[in-house]
Amino acid sequence: MHSVFSLLQTALYMIFVQNLVFSGGYGASEAIRMSAKPKRFVPFALMITFYSTVTALLCRELDTIPEINALGSAAHILIFGGVLALLYGVTAALLYVLLRPGRKFFNLLGISALNTMVFAVPLINRQAGFTLLQSVGTGLGSGLSFILALLLVNIGLRRLEKNPDIPPLFRGTPAMFLYVAMLSLAFAGLSGRALFA
Amino acid sequence: MRNPKQPRLSSRIFLQGVLLRNPVLVQVIGLCPAVAAAADLYVSVLLSVLVTGLLIVCECVASLLLKKVPRRVRVAIYFLIGLVVCAETAFFLEQNMPELRERAGVYLSLMAASSVVALRCEKCAVKQKLHVSFLDALANGIGTSLVLLVSGLIRGLLGSGTIGDLQLLSTPPLRGLSMPFGGFIVLGFMAAFLKWFSSVFLEQEAQMAFGIRRERRKKPVAVESVPAPADTAREPGETQTPQSDAPQTAAPAEEPAQTVPQDTAESAAEDDAAENPAEAFYEQASDDPDAELTDDLFATLDFSVEDELNAILESIEGLNPTEGGTHTDA
């Protein structure tokens with residue numbers, strides 16, 4: 001029971017307190033660009049959750065091998081990145097053989113697998129010294145936090161688009177950046193760090 | 001024949017990559033290092049050099065070797081090239097500049113998965129010759145670097161009162177600016193400044209770059225009216241018609257060129273397109289529905305999340321959540 005709580009606690013922490021998109025800027029480009037395309041929300045969110053969770057699990061397991069754990073950060077970049085690339089290659093090959101999806105599906109698969117957020121998860125886990133369950137919780141929480149980010153940015157974009165009071169110079173991308181900044185500020189407030197001391 | 005008013009191809013590539021289609025401020029890619037890591041001038045310089053080098057390597061490799069490779073494989077190759085470059089850089093810094101390596105943190109490693117690299121390779125390198133890809137990489141690298149450096153300068157100065165290691169301000173630091181939300185705020189103001197700068201100093205170039213697309217996009221909603229200027233800004237109070245209300249607005253980007261009013265910019269562009277494939281590419285690039293411009297990001301909003309969720313609920317349970325009057329989007 002304790003291990004389940006540990007996993008859930010880490011996942012919730014990643015979603016609401018250390019939301020990777022808003023608190024770290026990880027995967028921010030993908031979140032903002034994808035938030036304008038809600039049709040692709042569900043498959044993209046599922047893919048990104050899958051990749052972040054499985055990569056976190058595999059990399060944590062690899063890191064328990066003493067020889068790998070003793071290596072420097074440059075080697076870890078190669079190993080963790082290699083795991084992610086391999087995972088993407090295997091899933092893409094399997095899907096290609098089994099389901100024969102279209103080109104658009106593979107485009108989405110590539111964006112969801114090989115982005116800064118998914119790649120950051122194993123690196124953050126190693127830096128924080130998380131246990132196996134905490135690592136899985138981080139992976140799961142990161143994927144779910146991405147969904148939350150997509151929803152919040154999409155709702156904001158819709159409202160910004162309809163708001164006639166925004167000065168012309170700030171319409172579009174500038175307003176969107178400032179809106180995401182406010183969301184980021186809100187999540188930074190939840191983290192309990194001193195912002196303006 | 002090339003329109004004498006139009007700048008040369010290399011100038012247009014640089015103008016688009018650095019200013020008009022700046023990767024970070026206009027295309028909204030490569031945000032991760034810009035908002036999180038570029039709070040310190042040294043880290044900004046490091047990431048700028050890295051992203052420019054990575055762009056040049058990846059675009060040249062893609063242009064030379066990857067044109068026949070399927071896209072699903074290409075994206076993994078960009079990532080693997082990025083991994084090797086980032087690991088080499090990290091190793092070099094660990095040996096020679098451990099403090100800078102420490103400051104860059106995980107963001108150095110994350111440059112391997114930079115969306116700027118993958119997107120530029122897919123949009124340009126795999127469709128163009130080596131020299132065009134090289135120029136495109138250089139231009140977009142400079143564009144990204146400028147944003148990283150200016151952001152690092154502003155956030156370093158206001159966030160900690162320093163530029164590099166030089167203490168310049170004695171006022172209380174705004175520590176929030178060193179955090180990602182500070183990065184988003186600085187980017188917001190930089191994007192607004194770029195918009196103003198483009199509209200005032202680069203009006204003609206902006207029209208050349210985006211004129212065709214604007215005409216096509218505007219045509220179905222205002223067929224009778226006088227064509228609007230190519231500037232991306234809308235009038236105060238004017239709201240864009242949601243595409244769910246007017247589905248025909250999504251079509252014009254796909255329409256053939258002859259249905260579009262033939263203004264000077266477009267005629268010149270078509271002449272060039274016939275003569276030079278690279279010129280044609282740089283005209284088409286501004287007509288690419290996936291290339292999000294300032295307002296184009298909003299133009300791609302087909303419907304809201306509520307619509308999507310309602311559609312899912314309806315399909316699963318036969319419910320109609322709009323009946324209660326809570327649903328406002330058409």
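The sequence lines fix the lettering, A, B, ..., with proteins before strands; numbering per chain opens at 1. Owing to the predicted nature of the structure, the values given are computational and were not obtained by experimental measurement.
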At a 4.5 Å cut-off on heavy atoms, which part of [X] comes close to chain A: side chain, backbone, both, or neither?
X	answer
B/L80	side chain
B/F79	side chain
B/A76	both
B/V35	side chain
B/Y78	neither

Take B/Y107 and A/T116 through the side chain to side chain donor-acceptor pair (under 3.5 Å) test and state the conclusion after the steps. CA-CA 9 Å; B/Y107 294 100; A/T116 48; over 6 Å; no
Partners of A/N19 by side chain to side chain donor-acceptor pair (under 3.5 Å), sequence neighbours excluded?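 Checked A/N19 against side chain to side chain donor-acceptor pair (under 3.5 Å); zero matches.
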Residues in side chain to side chain donor-acceptor pair (under 3.5 Å) with A/R100, at least two apart? A/Y96
Which answer fits A/Y88, side chain, backbone, both or neither, if we ask what part of it has an atom under 4.5 Å from a heavy atom of chain B? side chain
Taking every heavy-atom pair that is under 4.5 Å apart, which of [options] has the most such pairs with chain A?
options	result
B/A118, B/S109, B/A90	B/S109
B/I29, B/V24, B/V186, B/L194	B/I29
B/A36, B/P180, B/G30	B/P180

When you measure from the side chain of A/R33 to the backbone N and O of A/A28, does any donor-acceptor pair fall under 3.5 Å? no
Do [X] and [Y] have side chains that get closer than 4.5 Å, going by heavy atoms?
X	Y	answer
A/E30	B/V28	no
A/V21	A/F187	no
B/P33	B/L110	no
A/F50	A/L46	no
A/E161	A/M176	no
A/V118	A/I48	yes

Would you be so kind as to tabulate the donor-acceptor pairs closer than 3.5 Å made by side chains of residues 73-86 of chain A, with sequence neighbours excluded?
{"unit_1": "A/S73", "atom_1": "OG", "unit_2": "B/E94", "atom_2": "OE2", "d": "2.1"}
{"unit_1": "A/S73", "atom_1": "OG", "unit_2": "B/R101", "atom_2": "NH2", "d": "3.1"}
{"unit_1": "A/H76", "atom_1": "ND1", "unit_2": "A/L71", "atom_2": "O", "d": "3.3"}
{"unit_1": "A/H76", "atom_1": "ND1", "unit_2": "A/G72", "atom_2": "O", "d": "3.0"}
{"unit_1": "A/H76", "atom_1": "NE2", "unit_2": "A/D63", "atom_2": "OD1", "d": "2.9"}
{"unit_1": "A/H76", "atom_1": "NE2", "unit_2": "A/I68", "atom_2": "O", "d": "3.3"}
{"unit_1": "A/H76", "atom_1": "NE2", "unit_2": "A/R126", "atom_2": "NH1", "d": "3.3"}

Name the option with the most non-hydrogen atom pairs under 4.5 Å to chain B; the candidates are A/I124, A/L109, A/N115.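 Looking at each of A/I124, A/L109, A/N115 in turn, A/N115 comes out on top.
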Closest-packed option against chain B by number of heavy-atom pairs under 4.5 Å, given A/F22, A/F170, A/Y26, A/F106: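 Of the options given, most contacts go to A/Y26.
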Only heavy atoms, only distances under 4.5 angstrom. Which residues in residues 128-147 of chain A are near chain B?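 So no residue qualifies.
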